[in-house]
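Numbered from 1 within each chain, the chains take letters A, B, ... in sequence-line order. Everything quoted here is computed from the prediction, not taken from an experiment.
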2 protein chains.
Amino acid sequence: MPQTDDLSEDRGRPTVEDTVLGELIGYRLKRAYMQIQPEAQRVLAEDDLRVVSFSCLSIIADNAGIVQSELADALQMERSNLVVIIDELEQRGLVTRKKVPTDRRRYALTATLRGRRLRDRAADKVRTAEDQIIGRLDDKDRAHLMAVLERLEAKTR
Amino acid sequence: MPQTDDLSEDRGRPTVEDTVLGELIGYRLKRAYMQIQPEAQRVLAEDDLRVVSFSCLSIIADNAGIVQSELADALQMERSNLVVIIDELEQRGLVTRKKVPTDRRRYALTATLRGRRLRDRAADKVRTAEDQIIGRLDDKDRAHLMAVLERLEAKTR
DNA sequence: AATAATAGTTATTGACTATAACTATTATCC
DNA sequence: GGATAATAGTTATAGTCAATAACTATTATT
């Protein structure tokens, strides 16, 4: 027999009814994301990285010579907002910007050794942080989740 | 035989390598969310609702008499940011605020008939918009996704 | 050669979130 | 029972972030 007959309450926190929001995928996605994001932000901040700068650094590390427009496309952000981020990564010696000889409008971005090492280290920390949150998901559920999310992304194009 | 031998390109859009981000759940969640959110925003704007005001209206409609602090808890937002949102819902005649006699610090929030009708209509539009994006997911994948997302949410508490 | 489009940049704006400080009211603890 | 804590709502403000427009330099188009 439970300690209380009233299952609508859980140790003083009354259950709030919800007939609509919980069935919306956007709502569920946002709330799940909000569980993960602050932790990712926190571990990245230890290396003075924001989530967005880590994302940039990571894509640059995987694509030596990528130019800013392509990076902006890949990360679905405005190229104007990229500028200061790349500025900072460059000043910290994590990436280099050099003119493309065949098209002098463009700058080729390349991660330095330091940049690649930081990326790898930061990625490990983010993975660890994520694993602590999603730990209870077994490998099958996790793989299924990732696959479905990837399909959701691909929907528009 | 494919039209082109080079599968790394898809009609002029070069594939960007990614060895790290795509394996991160936070990254995938955000990108999936970003597919849905603008559409939800768009259809709600037709009824002069923001996503957050729709969320408030919906929870109030499901919980007649809920007070602002409880609502803020349920939606994981700051109660200070709730004030102007409730102000507007009240001015539009969608919810009422009335003093709780037993605790005069609190205001009981209740959705009006108009508020409930608008909530129902807006929810239908959001569901329709979501269905167009996730249309290709079958019922099984959809149910699995929702269940896993719900478990992710519950992890911290 | 004239005109378009593209890449990068700068500056600015609006939206949203978080924080601190305040008032009124209720709960708590000697 | 009275001093002190905590809570609910509110206001104002500051920081973060994404979106936009305007500009220069360079390349592509016609």
Side-chain angles (χ1 to χ4, degrees), chain A residues 12-14 26 30-31 33-35 37-38 40-42 44-45 48-56 60 63 65-91 95-110, chain B residues 12-14 26 30-31 33-35 37-38 40-42 44-45 48-56 60 63 65-91 95-110:
Chain A
R13 188 166 53 239
K30 178 167 193 186
R31 292 185 57 116
Y33 175 63
M34 282 300 138
Q35 294 289 113
Q37 199 273 349
Q41 189 169 69
R42 189 180 61 75
L44 289 172
D48 295 306
L49 285 171
R50 291 187 294 152
V51 172
V52 65
S53 16
F54 168 70
S55 301
C56 289
I60 296 170
N63 297 272
I66 193 175
V67 300
Q68 287 177 214
S69 300
E70 292 163 355
L71 179 58
D73 267 9
L75 292 177
Q76 295 174 204
M77 55 187 296
E78 294 297 322
R79 64 195 199 289
S80 61
N81 291 327
L82 253 179
V83 178
V84 291
I85 295 167
I86 306 297
D87 282 349
E88 202 202 320
L89 293 177
E90 190 185 21
Q91 277 156 25
V95 309
T96 61
R97 249 198 277 231
K98 58 183 172 190
K99 275 200 165 67
V100 175
T102 59
D103 186 343
R104 291 178 317 191
R105 289 171 301 186
R106 308 175 123 199
Y107 285 92
L109 304 173
T110 307
Chain B
R13 188 165 52 237
K30 179 168 191 185
R31 291 186 56 116
Y33 175 63
M34 281 301 139
Q35 294 289 114
Q37 200 273 349
Q41 191 170 68
R42 188 180 61 76
L44 289 172
D48 294 306
L49 286 171
R50 291 188 293 152
V51 171
V52 65
S53 19
F54 168 69
S55 301
C56 290
I60 297 169
N63 297 272
I66 192 173
V67 300
Q68 287 177 212
S69 301
E70 293 163 354
L71 179 57
D73 267 9
L75 293 177
Q76 295 174 203
M77 55 187 295
E78 295 299 322
R79 63 195 199 290
S80 62
N81 291 327
L82 252 179
V83 179
V84 291
I85 295 166
I86 306 297
D87 281 350
E88 203 202 318
L89 293 177
E90 190 185 21
Q91 276 156 25
V95 309
T96 61
R97 249 199 278 233
K98 58 184 171 190
K99 275 200 167 67
V100 175
T102 60
D103 186 344
R104 288 179 318 188
R105 292 172 298 185
R106 309 176 123 201
Y107 286 93
L109 304 173
T110 307

**Request:** Compute the bend angle of the helix from C/dA5-D/dT26 to C/dT25-D/dA6 from the end axes (five pairs per end), rounded to 10°.
**Result:** 10°
**Prompt:** How should the glycosidic conformation of C/dA24 be described, syn or anti, under the criterion that syn lies within 90° of 0?
**Reply:** anti
**Request:** Quick one: label B/Gln68 by what it contacts on the DNA or RNA (base, sugar-phosphate, nothing), any heavy atom closer than 4.0 Å.
**Result:** sugar-phosphate
Could you go through residues 48-55 of chain B and list every donor-acceptor pair under 3.5 Å that involves a side-chain atom there, pairing it with any protein atom two or more places apart or in another chain?
| from | atom 1 | to | atom 2 | distance (Å) |
| --- | --- | --- | --- | --- |
| B/Ser53 | OG | B/Arg50 | N | 2.9 |
| B/Ser53 | OG | B/Arg50 | O | 3.2 |
| B/Ser55 | OG | B/Val51 | O | 2.9 |

Output a table of nitrogen or oxygen pairs between the protein and nucleotides 10-13 of chain C separated by less than 3.5 Å.
none

**Complete:** Heavy atoms of B/Cys56 and B/Ile85 approach each other most closely as SG-CG2, 4.0 Å
**Request:** Please list, by residue number, the residues of residues 96-109 of chain B whose heavy atoms come closer than 4.0 Å to an atom of DNA chain D; answer none if no residue qualifies.
**Result:** B/Arg97, B/Arg105, B/Arg106, B/Tyr107
**Fill in**
Outermost contacting nts on DNA chain D, any atom under 4.0 Å from chain A heavy atoms, listed 5' then 3', are D/dC17 to D/dT27
**Message:** Measure CG/B/Leu44 against P/C/dA15 and give the value in whole Å, please.
**Reply:** 16 Å
**Request:** Could you list the residues that satisfy side-chain hydrogen bond (donor to acceptor under 3.5 Å, both in side chains) with B/Arg104, not counting sequence neighbours?
**Result:** none
**Prompt:** Out of curiosity, B/Glu70 CD to B/Leu82 CG, how far, rounded to the nearest 0.5 Å?
**Reply:** 11.5 Å
**Message:** Can you tell me whether the base of D/dA8 sits syn or anti, using the 90° cut around 0 to define syn?
**Reply:** anti
**Message:** What contact category does B/Val52 fall into here, base, sugar-phosphate, or nothing, at under 4.0 angstrom with non-hydrogen atoms?
**Reply:** nothing
